[in-house]
Amino acid sequence: MKNTSLAIDFSLPSYEVAHQLIGATFTVDGVGGIIVEAEAYDQTDPASHTFVGKTKRNASMFGPPGCVYVYRSYGIHWCLNFVCEKEGHGAGVLIRAIEPIVGLQIMEERRGTKNVRLLCSGPGKLGQALAIVHSYNGMPLNQSPFELVPAKKPVDVISGPRIGISKAVDLPWRFGLSGSPFLSRPFR
DNA sequence: GCGACGATTGGCT
DNA sequence: GCCAATCGTCGCC
């Protein structure tokens, strides 16, 4: 499948947005790179944080599309999502992996490694490398410190089952840049 | 108030 | 491959 989008349309269903995001460049305070892996979630999905309805934690995912949803994972990591579809729908995309491009040295320092493959190859690592903090929760993507630039050329996108979930494990809502060495795990 | 459990990671066997 | 770390959120008593 080819990603042919010229702009990210966050009013689309989350699986469409996740597909469009592959190949886009995303930075926080000028640090980041190319999104190579993302997963879609929505309210009809038992694996989604929003499946149980609106709560204090997931409230921003029921907010306007094009904003971020930040949550704490396993009491340790900060994970980053983009809100999709329509206010009140509870849909979003988890950003799982980025190919590090800009601000490599800063990311190396934050992550404590010089192995570029280990900088952003997972939602928790990415959160640490880009210094995602809870105060970003609900903030719009189209303004500082965020910058999101769609892929300029079509890229090869592959899909498969999502990772680390126990419900709806068969839904192929994980999307990735074909052949990228910067994925959290390979597609098969 | 209390307990179970994660959209994970990194270190050890 | 297995497992501990670590804590906010949610569900139930």
Side-chain angles (χ1 to χ4, degrees), chain A residues 10 13-22 24 26 28 32 35-63 65 67-85 89-100 107-139 141 157-177 180-188:
Chain A
F10 286 101
S14 54
Y15 58 88
E16 294 279 2
V17 177
H19 184 273
Q20 286 191 11
L21 284 170
I22 304 302
F26 178 70
V28 179
I35 298 174
V36 295
E37 184 180 343
E39 285 179 354
Y41 292 86
D42 77 26
Q43 202 186 351
T44 65
D45 165 19
S48 173
H49 287 173
T50 56
F51 185 68
V52 295
K54 189 174 178 177
T55 67
K56 189 175 180 180
R57 173 174 69 153
N58 66 25
S60 65
M61 210 159 146
F62 285 92
C67 293
V68 305
Y69 164 50
V70 176
Y71 72 92
R72 199 129 160 94
S73 176
Y74 289 88
I76 305 168
H77 312 289
W78 292 107
C79 297
L80 176 71
N81 300 254
F82 296 166
V83 180
C84 300
E85 215 160 321
H89 278 219
V93 173
L94 170 69
I95 309 303
R96 287 192 55 92
I98 284 177
E99 175 178 343
M107 291 190 275
E108 288 170 359
E109 288 168 5
R110 288 171 177 165
R111 291 278 301 122
T113 175
K114 295 208 172 212
N115 186 334
V116 187
R117 288 200 188 203
L118 301 182
L119 293 181
C120 300
S121 56
K125 299 177 192 175
L126 184 156
Q128 187 180 23
L130 271 57
I132 301 301
V133 289
H134 189 55
S135 58
Y136 290 159
N137 195 35
M139 286 175 52
L141 275 167
V157 178
I158 47 179
S159 65
R162 294 171 294 182
I163 292 177
I165 55 172
S166 56
K167 299 162 189 168
V169 292
D170 293 328
L171 215 51
W173 277 9
R174 175 183 179 228
F175 298 86
L177 181 62
S180 171
F182 300 99
L183 300 170
S184 66
R185 300 192 56 176
F187 286 77
R188 52 160 305 171

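In what follows, every chain begins at residue 1, and chains take the letters A, B, ... in the order their sequences are listed. From a predicted model like this one, the values you see are computed outputs, not experimental measurements.
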**OP:** Give Gly75(A) one of three labels, base, sugar-phosphate or nothing, depending on what nucleic acid heavy atoms sit under 4.0 Å from its own.
**Re:** base
**OP:** Specify the separation, in whole Å, of atom CD1 of Ile76(A) and atom C1' of dG8(C).
**Re:** 12 Å
**OP:** Specify the separation, in whole Å, of atom CZ of Arg162(A) and atom P of dA7(B).
**Re:** 10 Å
**OP:** Could you pick out which residue, Lys167(A) or Gly122(A), lies toward the 5' side of DNA chain B when each is mapped onto its nearest nucleotide?
**Re:** Lys167(A)
Subject >> Base-pairing assignment for dT6(C) (Watson-Crick or G-U wobble, both under 3.5 Å) >> reply: none
Subject >> Leu183(A) CG to dT8(B) C1', straight-line distance once rounded to whole Å >> reply: 17 Å
**OP:** Measure from the side chain of Leu94(A), starting at C-beta and using heavy atoms only, and say which of dC7(C), dT9(B), dA7(B) lies closest.
**Re:** dA7(B)
**OP:** Could you tell me which nucleotide pairs with dC12(C) by Watson-Crick or G-U wobble geometry, both distances under 3.5 Å, or answer none if nothing does?
**Re:** dG1(B)
**OP:** Would you indicate whether the side-chain heavy atoms of Val36(A) and Ile22(A) approach each other to under 4.5 Å?
**Re:** no
Original post:
So do the side chains of Ile95(A) and Pro123(A) get within less than 4.5 Å of each other, counting heavy atoms only?
Top reply: no
Original post:
Think Arg57(A) has a side-chain N or O under 4.0 angstrom from the OP1 or OP2 of dG6(B)?
Top reply: no
Original post:
Just how far, in rounded Å, is C1' of dA7(B) from CD1 of Ile163(A)?
Top reply: 10 Å
**OP:** Indicate yes or no for a side-chain donor-acceptor contact from Asp170(A) to the backbone of Pro161(A) under 3.5 Å, with no hydrogens or angles considered.
**Re:** no
**OP:** Indicate whether the side chain of His134(A) and that of Tyr71(A) have a donor and an acceptor atom separated by less than 3.5 Å.
**Re:** no
Original post:
Can you find an N or O donor on one side and an acceptor on the other, under 3.5 Å apart, linking the side chain of Tyr74(A) with the base of dA5(C)?
Top reply: no
**OP:** Sticking with atom P, work out how far dC2(B) lies from dT6(C), rounded to a whole angstrom.
**Re:** 22 Å
**OP:** Send over the distance from Glu37(A) CD to dT8(B) P, rounded to a whole Å.
**Re:** 10 Å
**OP:** Keeping the roles fixed (side chain from Arg111(A), backbone from Leu119(A)), state whether a donor-acceptor pair exists under 3.5 Å.
**Re:** yes
Original post:
Does the side chain of Ser121(A) come within less than 4.5 Å of Phe182(A)'s, by heavy atoms?
Top reply: no
Original post:
For the residue pair Glu39(A) and Ile163(A), what are the closest heavy atoms and their distance?
Top reply: OE2-N, 2.8 Å
Original post:
What parts of residues 47-56 of chain A reach DNA chain C, counting only heavy atoms under 4.0 Å away?
Top reply: Val52(A), Thr55(A)
**OP:** Can you tell me the distance, in whole Å, between the CZ atom of Arg117(A) and the P atom of dG10(B)?
**Re:** 16 Å
Original post:
Given dT9(B), is OP1 or OP2 found less than 4.0 Å from the side-chain N or O atoms of Arg111(A)?
Top reply: no
Subject >> Between dA7(B) (C1') and Tyr71(A) (OH): distance, integer Å >> reply: 4 Å
**OP:** With DNA chain C as reference, determine whether His134(A) or His77(A) sits nearer its 5' end, using the nearest nucleotide of each.
**Re:** His77(A)
Original post:
Reckon Arg185(A) touches a base, only the sugar-phosphate, or nothing at all at heavy-atom distances under 4.0 Å?
Top reply: nothing
Original post:
Does the ring center of Tyr41(A) lie less than 6.0 Å from the ring center of Tyr69(A)?
Top reply: no
Original post:
Separation of Arg72(A) atom CZ from dC5(B) atom C1', in whole Å?
Top reply: 16 Å
